[in-house]
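Notes follow once the structure below has been shown.
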Amino acid sequence: MKPLEGIRVLEVAMYGFVPSAGGVLADWGAEVIKVEHAVTGDPQRGLKQTGNLKVGDGPNPNIWHANRGKRSLGLDMASVEGKEVLDELVRRADVFLTSFLPRSRQKLGIDVEDIRALNPKIIYARGSALGPRGPESDKGGFDMTAFWARASSAASITPRSHKGMTPPPGPAYGDTISGTNLAGGIAAALFKRERTGEPSVVDVSLLGSGLWAMGQTIALSLLLDEALQAPEPGGHGSPSNPLSGLYRTSDDRFLSLVMLQPGRYWADVCRHIDRPELIDDPRFSSAEEIAKHTAEAVEILREVFATRTLAEWTERLGTLSGPWAPVQDSLQVGSDPQIRANEYLLSAAGEMEVVSSPVQFDVGAPQLGPAPEFAAQTEEILMELGLDWERIIELKTAGAVT
């Protein structure tokens, strides 16, 4: 049994952030109904290209990533008939999940007080750009603005010599991290309700999640009154540790070494790279000496690592005790045997491979359902509410549902 089996989630949200929270909840076993605009649906459905990555008319990963395992209902919430359907869904739900801004929530009658009047025990979960309080709480935003730019990731990763800003590494980067935070908050609220009977209002923002992701750096900066400066590209990494940095292989791939105790690992590294004479080299006889002679050690290691391919080094370093990893792009991760062994990439309903949400229960990956086509389950959901076919036709004719 999945942890959230029997939990019903009503999702009134768009784009990547809040729907990704619904996707995680679906991975954990919740029944998630995605309410979409009766005519246009979730605008995310129209996203077909990101950078050089363009999809055709088939399954769209931009939708599947955040919406696997859900059912879709096309609904005009602004109409009287559509609002009546929504209200009945609210009465039957455990969680109301929304990304709508305060003005829209008030206009549509889906703010906390409205939803609680229909279902006093419901968990009300909001995802916002900038948080529920303060002078900008009613403003919208995306992960590029609130998570990446405003919360300091962009400036912290961009070298001072560069003009402009380093963009996020991929679409929905901050959205997905923030959505997972929101799913975790909802799970905690469900646990509280189970123990106390009291429902919660759960808030997660892109800004707050972005700050949390940079939390250690921000704490250091506030203590020292100094911003973190990104290193210039092409450098090794640490100025005092040759075993913490990047090394290029003969096939123009990279190894990332992160051994924060160089004195502990130096001898083992030397044996694995077939340079045992460096173990007793007085320049590298202790952590203090290694720090003094980091530049020399880096040059030696650069020459050595440049003699073999990444595949060769992966095999040779398989028994190395210190932490290291290959540097991989978004395609190369698909061939990583460790990723495959842990089922971090899964087939969703046999149609498309997507990344599993990161939490596993009982050493097993979730079974992922497909992302719904727009309004594909409208009739099914309405029948579950007790509406007969004649009434469903009336609602369709009136444009209240799709």
If we count only N and O atoms by modelled type, under 3.5 Å, do the side chains of [X] and [Y] hold a donor and an acceptor together?
X: T158; Y: T166; value: yes
X: R253; Y: Q328; value: no
X: S161; Y: E232; value: yes

Next item on the list: Kindly indicate whether the side chain of H272, heavy atoms from C-beta on, has any atom under 4.5 Å from the side chain of T319.
Entry: yes

Can [X] and [Y] be counted as an ion pair, charged N to O under 4.0 angstrom?
X: R308; Y: D251; result: no
X: K396; Y: E379; result: yes
X: E5; Y: K2; result: no
X: R340; Y: D336; result: no
X: R45; Y: E36; result: yes
X: K34; Y: E11; result: yes
X: E88; Y: R92; result: yes
X: R71; Y: E380; result: yes
X: R116; Y: E113; result: no
X: R126; Y: D203; result: yes
X: E136; Y: R150; result: yes

Margin query: Using a 3.5 Å distance criterion without hydrogens, assess whether the side chain of D114 forms a donor-acceptor pair with backbone atoms of D111.
Written below: yes

Check: Is a side-chain N or O of S20 found less than 3.5 angstrom from the main chain of A66, in a donor-acceptor match?
Finding: no

Next item on the list: Identify the residue among Y15, F17, F147 that makes a ring-ring contact (aromatic ring centres under 6.0 Å, His included) with F142.
Entry: Y15

Item checked: Partner of D27 by side chain to side chain donor-acceptor pair (under 3.5 Å), out of Q360, Q367, R68 -> R68

Note to self: Parallel, tilted or perpendicular: which one describes the rings of F284 and W266, with boundaries at 30° and 60°?
What the structure shows: tilted

Notebook entry, point to check: Does D362 CG have over 12 foreign heavy atoms under 6.0 Å away?
Noted result: no

Notebook entry, point to check: Quick one: NZ on K70 to CG on L25, what's the gap to the nearest 0.5 Å?
Noted result: 8.5 Å

Check: Taking atom CD1 of I110 and atom CD1 of I115, what is their separation to the nearest 0.5 Å?
Finding: 6.5 Å

Item checked: Aromatic centroids of Y247 and F254 separated by under 6.0 Å -> no

